[in-house]
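A short write-up of the structure that comes next.
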Amino acid sequence: MQRIDHRLPWGCPGTERTLSVFRFGAGERKAYIQASLHADELPGMRVAVELKRRLAELEGQGRVQGVIELVPVANPIGLGQMFQATSQGRFELGSGKNFNRDFANLAELVAPRLEGLLGDDAQANVRLIRQAMLEALDALPGAGSELQGLQRLLLRHACDADLVLDLHCDFDAVAHLYMIPQQTEAFAALAARLQAGAVLVAEDTGGSSFDEACSMAWLRLSRSFPQAAVPLACQAATVELGGMLDTERERAEASAEAILACLAEHGLIDGDWPAAPAPSCVATPFAGAEYAYAPHPGVVSFLQPVGAWVVAGDPLFEVIDPLEDRHSIVRASTSGVLYVRERLRFAQPGLWLAKVAGHQPIRQGRLLSD
Ligand SMILES: [Zn+2]
């Protein structure tokens, strides 16, 4: 195991931060796994603890078949953001920006460098494109902020990987995954092993999240250079490992083994893991996910547990205005799994309270919330 420490730019004097990457194995193929880009989403960090221990073991046994990079603390900026005893790991306090939005559009960055170079040898193209990505990221003008510096470092480590997993969680949730539709097969066994309640697919959510920045680059390049053989060389998923409180040891160990099995399936570890169980859900369009809001302010009582299958018209939660006695029951407008509930219990304008993974597209435009 090799540890690589990068210092982030723009730290105020005396407060410089470090991004630490743990690298296992050697070889042509590569997997990249990061945890807690939203810094207070800690199930991923807990799983990374297990992965670090297990990967060191497997490396010692000579079973790591390529390079595996692990970043257990992907967001040292957010991890230090405490506000009156509350952790704020989703948005950078200074700028208000979401840590998992607006990653660089790699296809746009490298396309000019690739003109006239790509042919019909897919493997040669993959090598050329990865090299161009690394060079393009290095050639960018200096990062304008600590956040931008962090995002570029993370992407630089991930962009030449065959497999990328970004470990997150939601507030109160069943395990679920996000990816582009072309890659559901590649992650089907992982979703089943994690007993995912939903697999949400979209080509472009409009948010340029980390997994999208990695996988969409190849899809965009394959379309910009239709005459060349450009495969989808980076399989990337955001893995939501349940809810904010799901850091129990047994669960973390099981999630880590599911991820190791995924690495083995993709040829990055030598060894056998138990076969994946039957799928726990089918992939649904992210545009089919209903975000349910309250019609007025009030205190909220949920009427269904996370993981419940609801049909359109089923009650999701009630909201009661304690002064005016307004009382509303909010019902599902689509059928599917109630995969996330908000953790706050007072309805505010613009605050979604529940998400249902429906099969029919019902949303358009930017699909990711802030
Ligand atoms: Zn997150």
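We count ligands from 1, going down the list as the structure has it; atoms in each ligand are counted the same way. None of the values given here were measured: they were computed from a predicted structure.
Of the listed residues (Arg46, Arg90, Arg343), just one forms a salt bridge (charged side-chain N to carboxylate O under 4.0 Å, His left out) with Glu41, and that residue is Arg90.
By the 30° and 60° cut-offs, the orientation of the rings of His157 relative to Tyr32 is parallel.
Within a radius of less than 2.8 Å around the Zn ion (ligand 1), the protein N, O or S atoms are His38 ND1, Glu41 OE1, Glu41 OE2, His168 ND1.
Side-chain N/O atoms of Thr18 and Asp5 include no donor and acceptor closer than 3.5 Å. Gln183 and Ser215 share no side-chain donor-acceptor pair at under 3.5 Å.
Closest non-hydrogen pair, Phe302 versus Glu342, comes out as CE1-O, 3.8 Å. Heavy atoms only, all atoms of each residue included: Trp352 and Ser369 are closest at NE1-OG, 4.2 Å.
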